[in-house]
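We count ligands from 1, going down the list as the structure has it; atoms in each ligand are counted the same way. Residues take their numbers from the sequence shown, with the count starting at 1.
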Amino acid sequence: MVQIHGVPAFEDNYLWVIEDGLRAAVVDPGDASPVADFLDHRGLVLTAILATHHHKDHVGGLAALAARGDVEVFGPASERIAGVTRPLAGGERIAVPGLALSLEVIAVPGHTAGHIAYAGEGFVFCGDTLFAGGCGRLFEGTPAQMAASLAKLAALPPATLVYCAHEYTLANLRFAQAVEPGNARLAERFFADSDRRARGEPTVPSTLALEIETNPFLRARVPEVAAAASRHAGRALATPLEVFTVVREWKNTYR
Ligand code: ZN
Ligand code: FE
């Protein structure tokens, strides 16, 4: 059995450490020192690094952590990330060295062109693709790519724990409520997650089931979401992809 811990870094990043009491892997180590402190404090040996995409806040600590010893470094094949020893395209299944853990690699382009996610054993590490209550900005990909990537993640089992890389949840849920003011489950979630933040607790992981019920970026097919997007755009929207595209653009300017 592995345990997963969120090591906070920068303003709002979570660097996820997976450990079995002896050995550990870290997902998206944007900064080395908080991860090194965590490992040293618990006497854990780092055996693997899993990178989802090339942004600095996800790989900035990679080299320093890889230098701790025998560390396999997994990352997207199509992105330039120094130190990757196991380039991945998506579609592979990997065994995480040192941990009894097998993960499926999923290509999820959109936020960046080569973004990958790691799924297995009831959880998914999805970087900046699916967020709690939201989704990543489209820096390198198209809305169609992001929508397809989110659909792949949404097809995982509903109980899957969603370990995204940022604590953006409350801002995301405020926007979600602007899109869907009548969604009771969303209102409930906003109260629950506001409470967590007020107590200084993380809102991540969420579950895929909750995301499907409350995350507007997984709900382009829901009539209320489509109607809100259409009102915002000032025109009729013919397809779920058009709805998704409008909602993604709307979020960029929503305050
Ligand atoms: Zn990013
Ligand atoms: Fe990020």
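His53 and Glu79 are not linked by any side-chain donor-acceptor pair at a separation below 3.5 angstrom, with hydrogens and angles left out of the test.
With the Zn ion (ligand 1) as the vertex, atom NE2 of His111 and atom NE2 of His53 span an angle of 100° (nearest 10 degrees).
Judged by distance alone, the side chain of Asp28 and the main-chain N or O of Ala165 form no donor-acceptor pair under 3.5 Å. No donor-acceptor distance shorter than 3.5 angstrom exists from the side chain of Ser102 to the backbone of Ala95, with no hydrogens or angles considered.
Taking a cutoff of 4.0 Å between a charged side-chain nitrogen and a carboxylate oxygen, Lys152 and Glu104 do not qualify as a salt bridge. Classification of Glu167 and Arg197 as a salt-bridged pair holds, one side-chain N sitting under 4.0 Å from a carboxylate O.
Shortest distance from the Fe ion (ligand 2) to Asp57 is reached at OD2 (N/O/S atoms only). The atom name of the N/O/S atom in His55 closest to the Zn ion (ligand 1) is ND1. Counting just the N/O/S atoms of Asp128, the one with the shortest distance to the Zn ion (ligand 1) is named OD2. With respect to the Fe ion (ligand 2), Asp128 has OD2 as its nearest N, O or S atom.
At a threshold of 2.8 Å, the Fe ion (ligand 2) has a backbone or side-chain N, O or S atom of His58 nearer than that distance. Taking backbone and side chain together, His166 holds an N, O or S atom under 2.8 Å from the Fe ion (ligand 2).
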Arg68/Leu39 under side-chain contact (heavy atoms from CB on, under 4.5 Å): CA gap, chis, key distance, verdict: CA-CA 11 Å; Arg68 286 172 72 93; Leu39 298 173; 3.8 Å; yes
